[in-house]
Protein chains: 2
Amino acid sequence: MTALPSIDRSPAPSSGASEKALRVLDAALRESRFTDIVQASGLAKATVHRLLQVLVEQEYIAGDAESGYRAGPNLLSLAGRALASVDISQIAQPVVDRLVAEVDCTIHVGVASETEMVYVIRKDASKPYSMRSRVGLAIPMHSTGMGKVVLAYWPPEKVAELIDRVGLPVRTDTTITDPDALARELASVRARGYALDMGENEVGTVCVSAPIRDHTGAVTHGLSISSIALEHPGTSIEMFAPQALAAADEISRLLGAPEL
Amino acid sequence: MTALPSIDRSPAPSSGASEKALRVLDAALRESRFTDIVQASGLAKATVHRLLQVLVEQEYIAGDAESGYRAGPNLLSLAGRALASVDISQIAQPVVDRLVAEVDCTIHVGVASETEMVYVIRKDASKPYSMRSRVGLAIPMHSTGMGKVVLAYWPPEKVAELIDRVGLPVRTDTTITDPDALARELASVRARGYALDMGENEVGTVCVSAPIRDHTGAVTHGLSISSIALEHPGTSIEMFAPQALAAADEISRLLGAPEL
DNA sequence: TTTCGTGTTCCGAGTGGCGGAACACGGGTT
DNA sequence: AACCCGTGTTCCGCCACTCGGAACACGAAA
C-alpha cells in the first residue's frame, strides 16, 4: 500500500560545505527564483539561503530574491578565464590514446576554421600506414569525413557561402562536387550522427568521423578514425562508428558541452 | 623591537568553507602547480589540498599534481551557462552589432564589480586591431573610459573608498593618479554625459564611453568605442560620442531603465 | 479572515573543517 | 653516500562552523 517511505532524489549525499556551495552555484545558474534553486539543488532551504548569501557577498552570484538571481561579475570573470584556457589537444589526448589502443587505426582530431579543417591531434596505430597528414595541416571540408561532420551542423546558408567562396574542388574521382549531392550527404550525416569518407579526399584512404561539441553545444571540432581501404575484405570502416561517437562524446563532455 | 605579532597578508579573513572553496577554484584557474595555487589563494597548504580534492572529485577542476590543474568539465559547462545567461549580452548584442557596422571600431560592453570593470561583450571592427582584451577580462576603473563613466555616477564616498582600497595604479604616463584630478575628471564626465580615455590605460588606445543603466536606474554597465590613437589626423575619437550615447541609452531602455 | 506560497531568521547539536606539523619522495649538490 | 631542499601528502585533536527543522514575516489570492 504505502509507497517508498522516503525517496532520496538528491544525486549524492554531499556532506561538505564546499560541495554544497558548488551545488547551489550550479543551481542558481539554472533557476533564478529562490525556491526553484532550493528545488534544483536538493538541499535544505535554510542551507541554500545561507550559501546563496555567501555567493552574493563574494559576487559570484548577482541579484536578490525579488529580482531573481543570475551570474555575478566574479563568476563571469572566472568563466571567461576558464573558457579561455581550454586547450583541446591537452584535453583530448588521453581519450585519443585510449581509442587508438582500442581500434588500432590512425586517429585525427581537427578544429574548424572558416573554410577548412586543421588537424590538432594525430595519433598513429601500432602499424602506421604512411598517411600524408600532420598536426597543423589544413584539409578541405567537403571531401573529408571530419569536414563533412562539421558542415552537417552548419546552417545551410553558411555552407552555400563556403561553396561560393572556395567551391568544391576535386580530390579523387569520388569527391562530391555537386552542391545538391553535398546537401543530401550532409542530411544523411545528421541522420546517422557520424560521417563516412570512402576515399573522397585521398585514394585508398577511408574514415569514420564524429562531431565534437564545445561548451555552447556548437560542433567546432571533429574526430576521425582512418584506415586504408579494404584492409580486411568484407569489413568496413563503418564498424568503428560507435567507438568514434563514444570518444567524440567523451571529449565533448570534457569540454563542458551541455547535456549529452 | 617586537615586530607585528601576526601579519594577516590574506586579502580577507574568509572564514567559511564555501568562500575558501571559491578562493581555491579561482586560484586554480590562475596557477596550475599545487604550490602556486596555495600561494595564490593565501590559504593553508593542507586546506588547499583538501578543497582541491573536492573540486577535482566534483569535476570542477581537472588534472592532478604532476600534470597540473586546469578547468574541469563541470566548470566549463557552468562557465558556458553563466556567460550565456548574462542577459545584458543577449540584449545588447544586436545593438552592438549595429553600432560596429556604423562606426567600424572595436566595441566593448562591461559590467561594474566592486573594484573593477569586467568585459561582457567584445565586438571587433572589420579591420581588427590586436587589442588585448577578451570577455571576462577585469580592468581598472580609474584608467579606462568605461570605468570612469561608471565612477562618475557613484557617490563620492564610494569613490573615496575605492581609492582607499586599491589606490590609483599607474598604467601609462597619462593615467590619472591624483584623487582630486580624478574628482574633476568625473565631474566633467557627468557634465558631458560620456567619458574619454586618451591612452590612460594602454598607450596608443583611445575610447569614448557611455553609461548603461539597469532596471533600477543605476549605472552598472558601460559601453565603449575604441580605436588606436590618431588613426586619422585631425579627427578625434570624441566624434563618436553621440553614437556611443545612443547605443548605451538603447541598451538601458531594453534593460527596462526608468525614463529615458 | 483564512490560506497559501513566498523568503527570512533562529538556535541547539555535533560534525566536519581547520591547519600546524610530521611525513614521503625525488632531484640536485657536496 | 649523505645531505638538502622543494615538492606534494597525510595525520589528528580542537573547536568553530555548518546543518536544517521549525518558527516567523510578508504579501497575494481565495
Side-chain angles (χ1 to χ4, degrees), chain A residues 5-72, chain B residues 3-72 215-216:
Chain A
S6 84
I7 302 168
D8 185 7
R9 72 279 178 244
S10 69
S14 174
S15 57
S18 326
E19 276 182 54
K20 289 194 212 297
L22 294 174
R23 197 93 78 83
V24 171
L25 186 63
D26 186 81
L29 290 178
R30 298 176 190 278
E31 309 290 342
S32 64
R33 285 167 18 92
F34 177 81
T35 305
D36 294 335
I37 296 173
V38 172
Q39 179 66 24
S41 67
L43 301 173
K45 195 164 56 159
T47 304
V48 173
H49 190 262
R50 181 167 31 80
L51 291 175
L52 209 41
Q53 279 182 324
V54 173
L55 291 171
V56 168
E57 192 175 85
Q58 300 292 314
E59 295 197 283
Y60 276 73
I61 294 292
D64 51 62
E66 30 207 325
S67 73
Y69 294 96
R70 53 186 195 280
Chain B
L4 305 169
S6 81
I7 303 168
D8 186 7
R9 74 279 174 241
S10 68
S14 174
S15 56
S18 326
E19 277 182 53
K20 290 193 211 299
L22 294 175
R23 196 92 78 84
V24 171
L25 186 63
D26 186 81
L29 289 179
R30 299 176 190 277
E31 309 290 342
S32 65
R33 283 163 22 88
F34 177 80
T35 304
D36 294 335
I37 296 173
V38 171
Q39 180 65 26
S41 67
L43 301 172
K45 195 163 56 159
T47 304
V48 173
H49 189 262
R50 182 168 28 80
L51 290 175
L52 210 40
Q53 279 182 326
V54 173
L55 292 172
V56 168
E57 191 175 86
Q58 300 292 312
E59 295 197 282
Y60 276 72
I61 294 292
D64 51 60
E66 31 207 321
S67 72
Y69 294 97
R70 53 182 198 278
H215 61 96
T216 70

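Residue numbers begin at 1 in each chain, while the letters A, B, ... track the order of the sequences.
- Closest heavy-atom contact between A:L51 and A:A21: CD1-N, 3.8 Å.
- Sorted by first then second residue, the side chain to side chain donor-acceptor pair (under 3.5 Å) pairs that include residues 46-58 of chain B, not counting sequence neighbours, are A:E19-B:Q58.
- Residue B:T47 places no side-chain N or O under 4.0 Å from the OP1 or OP2 atom of C:dC18.
- For the pair A:I61 and A:A28, the tightest heavy-atom approach, listed with the atom from each and the gap, is CD1-CB, 3.8 Å.
- Among the protein residues, B:A65 comes within range of the sugar-phosphate backbone only, with heavy atoms under 4.0 Å from sugar or phosphate atoms but none that close to a base.
- In this structure, A:D64 places its CG atom 11 Å from P of C:dG7, rounding to the nearest Å.
- B:R33 comes within 4.0 angstrom of sugar-phosphate atoms only, judged by non-hydrogen atoms across all strands, and of no base.
- Distance from the side chain of B:K20 is smallest to C:dG19 among C:dG19, D:dG20, C:dG7.
- In this structure, CD of A:E19 is placed 15 Å from P of D:dT18, rounded to the nearest angstrom.
- Across all non-hydrogen atoms, the minimal contact from B:E31 to B:A40 is CG-CB, 4.0 Å.
- Partners of B:E59 under the salt bridge (Lys or Arg N to Asp or Glu O under 4.0 Å) rule, at least two apart in sequence or in another chain, are A:R253.
- As a whole-Å value, the separation of A:R50 CZ from C:dG7 C1' is 16 Å.
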List every contact pair, protein side and nucleotides 23-28 of chain C side both N or O, where the distance is under 3.5 Å.
none

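- In this structure, of D:dG20, D:dG8, C:dG7, it is C:dG7 that holds the atom nearest to the side chain of A:F34.
- Minimum atom distance to the side chain of A:Q53 is reached by C:dT9, of the listed C:dG7, C:dT9, D:dT9.
- One interatomic measurement links the two molecules: NE2 of A:H49 to P of C:dG5, which rounds to 20 Å at whole-angstrom precision.
- For the pair B:E31 CD and D:dG8 P, the interatomic distance rounds to 12 Å; values are reported in whole Å.
- Considering only heavy atoms from C-beta on, A:V48 comes within 4.5 Å of A:F34 through its side chain.
- In terms of position along DNA chain C, the nucleotide closest to A:D36 lies nearer the 5' end than the nucleotide closest to the other residue of the pair A:S18 and A:D36.
- With rounding to whole Å, B:Y69 atom OH is found 10 Å from D:dT9 atom C1'.
- For the pair B:L51 CG and C:dC18 C1', the interatomic distance rounds to 10 Å; values are reported in whole Å.
- Rounded to whole Å, the distance from CG on B:L43 to P on C:dG20 is 11 Å.
- Residue B:Y69 holds its OH atom at 4.5 Å from CG of B:L52, rounded to the nearest 0.5 Å.
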